[in-house]
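Taking it in order: structure first as structure tokens, then the write-up.
Quantities reported herein were computed from a predicted structural model and do not represent experimental measurements. Residues take their numbers from the sequence shown, with the count starting at 1.
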Amino acid sequence: MVNQFMFAGKQARKFSLYHDLMQVKVREILLISSPYDAWVMEEDSKISERIVSEYRGLNLSSPPRLTWVSNIDEALDVLGCNCFDLVIIMPHLSNMNCFDMGKRIKDKVPGLPVAMLSHRQVGSSDIEHMYGVDREFVWSGDAELLVAMVKNLEDLLNVEHDTEAVGIRVIIVVEDSPRYLASFLPILYKELVRQTQALLEEGLNSEHRLLTMRARPKILTASTYEHALELFKKYEPYILGVISDVRFPKDGKLYGSSGIELLKEIKAQREDIPLLLASNEPDNAERAVAIPAYFVDKNSPDLMSEVRSFVTEHLGFGDFVFRDLDENEISRASSLYSLEKILRNIPQDIFERHCEKNDFSRWFYARTEIRLANKIRPLKEIDFTDVESHRQYLLKLVAARRRRRQQGVLVSFNPKDFDPQTEFLKIGSGSLGGKARGLAFICSMLNRNSWMHEKHSEMKIFAPTTLTIGTSGFDDFMEMNNLSYLASADVDDKEVAQIFSDAFFPGWIEAQLWAYLHEVKYPLSVRSSSLLEDAQYQAYAGLYSTYMISNDHPDLEKRLLQLVEAIKLVWASTYYKAPKSFSRRVNQRTDEEKMAVIIQKVAGQQYGDYFFPAISGVGQSYNYYPFGKMKPEHGVASIALGIGKSVVDGEQCIRFSPRYPKVLPQCPTIADSLKNAQTTFYGLKMDGSEIRELHEGANLEKLNIADFEDIPPVQMLASTYDAQEGRIRDTAFIPGPKVILFAPVLKHKSIPLSSVLKDVLQLAENGMGGPVEIEFCINMYDDGRKPEFNLLQVRPMSARADLNHVNITDEDLKRAVCISSHALGNSEKNDVEDILIVRPDVFDIAKSREIALEIAKFNGKLMKKNRKYLLAGPGRWGSADHWLGIPVEWPDISGVSAIVETSVESLKVEPSQGSHFFHNITTLGINYFMVSDKADNKMDWEWFSEQPVVEEGVYVNHIRLPAPLGIKVDGRTSQGVVLPVKGSSEYCLLKECE
């Protein structure tokens, strides 16, 4: 099982086949020339700078280094000490001609390529005499020729391996004139590289662009008929096209029709290969038509554009152009996605014609989709019963490849032609932010661990399609509106939101969002992803804003305005009071924080006027509150019907361990089950023609489950209370009140939720290197479709490993004024002298909001004096549901050091591990004591009531002790105690009583 969770393991990377291409590189070049030629190249032509510039301009990697010597003797000495990949000789050296120098070089280093670079053609007709020089070029001072020479040599050295290993395509160029080759080869390489770059913009990130660039077609050159035919026969299965001169040697003699005969021979063997006849004699255009081949005049001032036209239109680069039988364009596709859309509807005769000419496979080869092309090229009409079955098979192959190439890859957004089904898209540069980083990482992990999908084949496991806006968007917005002052200004949240709402939005982002919404019409969640959000030790969980929008208005412009507004308000939350106070607590400067944005598809289905998933939940790989035979490392999950606000805000939901899904700690009896079961849920209101004013939760409505008993999620998840028998039956298909206990899933395993949760949590924990928390939701269908496990978020929890040993002694337990068997944290503190305690005699759950406001006032006073405090009171702290506890938010208690949750008869609730509130306090090292009414738990109200009160509020007392408390939490046992420090009067009095 261990091997299954290896990050890379034996899973091959999606683009790994490209890593082994172009293994042989030209890195060191030895130049032999006169000092004058060397000076001209370096000082006048700036050749080194221009080579580097040319490489960067073409996005090529590793430009070669030039070493200069002035004569053959120096060259031989240097070759004896250093390794070179290419030697370039320039004529006009006094002591020896170039061919003799080449012979001596090859005698010293056999097989070392030698090229001659001259200002005019100086080649000899004596083949034996030319032995020392492999190729001659006429140089006019252009650095592009050196780039082409290097790439051409690399192609020659790598072509055999790369064609056999992957099936890289080959272009043959036949030209015997050094002058024309020197002008033609740079044009061809530049166009080839640029076309490859242009097509790579579709759906790849920068890493994959560089890797895929290695898979561009190779260019092989020949100067004789025999050599050209030899290359064709050797690489015939991989030939993409042939470009040939008309006049070059055949049978050892210059022959005026060599090119014509060569192209006719190739056409006879492979009718589908595009051919180009290049000549400086325009009359040869008619001879090209007879082959048939395309024609280009080598002396034409439009040579570059004519070569570009041949490369794009006939070698498969550029768009795929669908043409009718008269060669008229009827449509074009620029990506796999657009090709797939057009393929569904083109007439059968046009489809057949493109198949017969191998146009589809050629286009895929040019786009380096080699495996796909290899599958398509051998297909013939006789392989299928009819044209439609052929079309459907091709569509199936293209769709599978399109989905596979995007899995686990962060794709740069291309507004011209993007695929809406892409898993992870990014607009702009800069960081993704913490939340998006975690999501992108787990997407990659799911893609690399195919065993997960094979093991749980009855359920789809994936992350919803996601578009991120990098932090560069936030930077541009802040700079263009001059809003940096908000980092230090004390401004109310509503005012900050209004400032951002009124500010200008970067046009480059808006244009891309328009293209996005043109294709995307499902509900969207606009979420924060700050640099520090979901970091391991500074989590910022739940402190920033999230907005859900229905995205269903018929007017695209109005949908765009609402999306832009949501993004502005997410950015605005960077400067709200809650994250600012959190930043002060962790000594983080607010002006260093930056905000990326996640725009994510809302998982779920529409039921009437509302949109929501069947199940939403939070899973944790470490359980702070194990129950019975559960262990902390077994993990825990909290789930609820509908959108997950119920879970993350700590409202009513079902809590269970994936290891023991049938054990529900909060439902030991029928009465407890009825009391603790979920009765309401959240749904996204589908507005149709209405655009609501945005505020957090604006489009979410709290709905009664009783009003939705007939929808599939309730029918598939609910149980029914049988009042006559006094029992709960695990079915929704009998009369009676419905109770959401998820029994069909947890007890009867209608879907493999527990098993999937265990494996996903384990996978994420191994990937993150420690305990994790995930947010997820599940779509369930009643029409036979597989259920879908949508992974919405993953973040690290506070690390539990390598805990310092905290020893709680028997003496500590005897004198403790507070004991908890379920305490969070691992620490020993003695710096707290202040206590804020909610008095049990005046506590009223209906007044919980007023209590929260009173606590916030005390917190502000203590923060000004930099005094930490212990906070104690009944119910679930930080709950969004004020009937379950006191709904404090982070700014209300930002100075707290430890929190005690007590139990009273009128309010007994289960702990909520799904809330952002808990994630932040554990990250900050704030201890949390849950004091139940169990025998081994204790809250000495009498002791607390006897302590000196500094200020008495309506519901809360501020106590200040003469000596600090001792606070101990043992993270290994989850036991915690609060102690009067030894030496204090209270402790001495206690000892006297003993």
Can you confirm if the NZ or CZ of K151 lies within 45° of the ring axis of Y189 and under 6.0 Å from the centre of its six-membered ring?
no
Can you confirm if the NZ or CZ of R169 lies within 45° of the ring axis of Y365 and under 6.0 Å from the centre of its six-membered ring?
yes
Determine whether K218 and D162 satisfy the following criterion, salt bridge (charged side-chain N to carboxylate O under 4.0 Å, His left out), listing intermediate values before the conclusion.
CA-CA 9 Å; K218 303 279 190 284; D162 291 359; 3.0 Å; yes
Residue pair E175 / F248, side-chain heavy-atom distance below 4.5 Å:
no
Ring geometry between F360 and F320 (parallel below 30°, tilted from 30 to 60°, perpendicular above 60°):
parallel
Go through the steps for Y180 and D245 under the test side chain to side chain contact (heavy atoms under 4.5 Å, CB included), then give the verdict.
CA-CA 10 Å; Y180 281 118; D245 186 19; over 6 Å; no
Decide yes or no on side-chain hydrogen bond (donor to acceptor under 3.5 Å, both in side chains) for Y225 and D251, but give the supporting numbers first.
CA-CA 8 Å; Y225 180 92; D251 297 327; over 6 Å; no
E154/R27 salt bridge by N-O under 4.0 Å criterion
no
Y393 side chain to D383 side chain, donor-acceptor N/O pair below 3.5 angstrom:
no
Can you see whether R135 engages T221 through a side-chain donor-acceptor pair at a distance of less than 3.5 angstrom?
yes
Just wondering, more than 12 heavy atoms not from K375 lying within 6.0 Å of its NZ?
no
D272 versus E356: any side-chain heavy-atom pair under 4.5 Å?
no
Salt bridge check: are D107 and R104 linked by an N-O gap of less than 4.0 Å?
no
Less than 4.5 Å apart, side chain to side chain, heavy atoms only: is that true for V174 and I243?
no
Side chains of D134 and V114: does their closest heavy-atom pair fall under 4.5 Å?
yes
side-chain hydrogen bond (donor to acceptor under 3.5 Å, both in side chains) partners of S300, counting only residues at least two apart
E306
Carboxylate-amine/guanidinium contact E281 K298, below 4.0 Å
no
Take F137 and L181 through the side chain to side chain contact (heavy atoms under 4.5 Å, CB included) test and state the conclusion after the steps.
CA-CA 7 Å; F137 297 90; L181 188 64; 3.7 Å; yes
What do the steps show when you test F295 against S279 for side chain to side chain contact (heavy atoms under 4.5 Å, CB included), and what is the final call?
CA-CA 8 Å; F295 179 80; S279 173; 3.8 Å; yes
Kindly write out the residues that satisfy salt bridge (charged side-chain N to carboxylate O under 4.0 Å, His left out) with K250, not counting sequence neighbours, or none if the list is empty.
E261
Can a donor-acceptor pair be found between the side chains of N284 and R287 at a distance below 3.5 Å?
yes
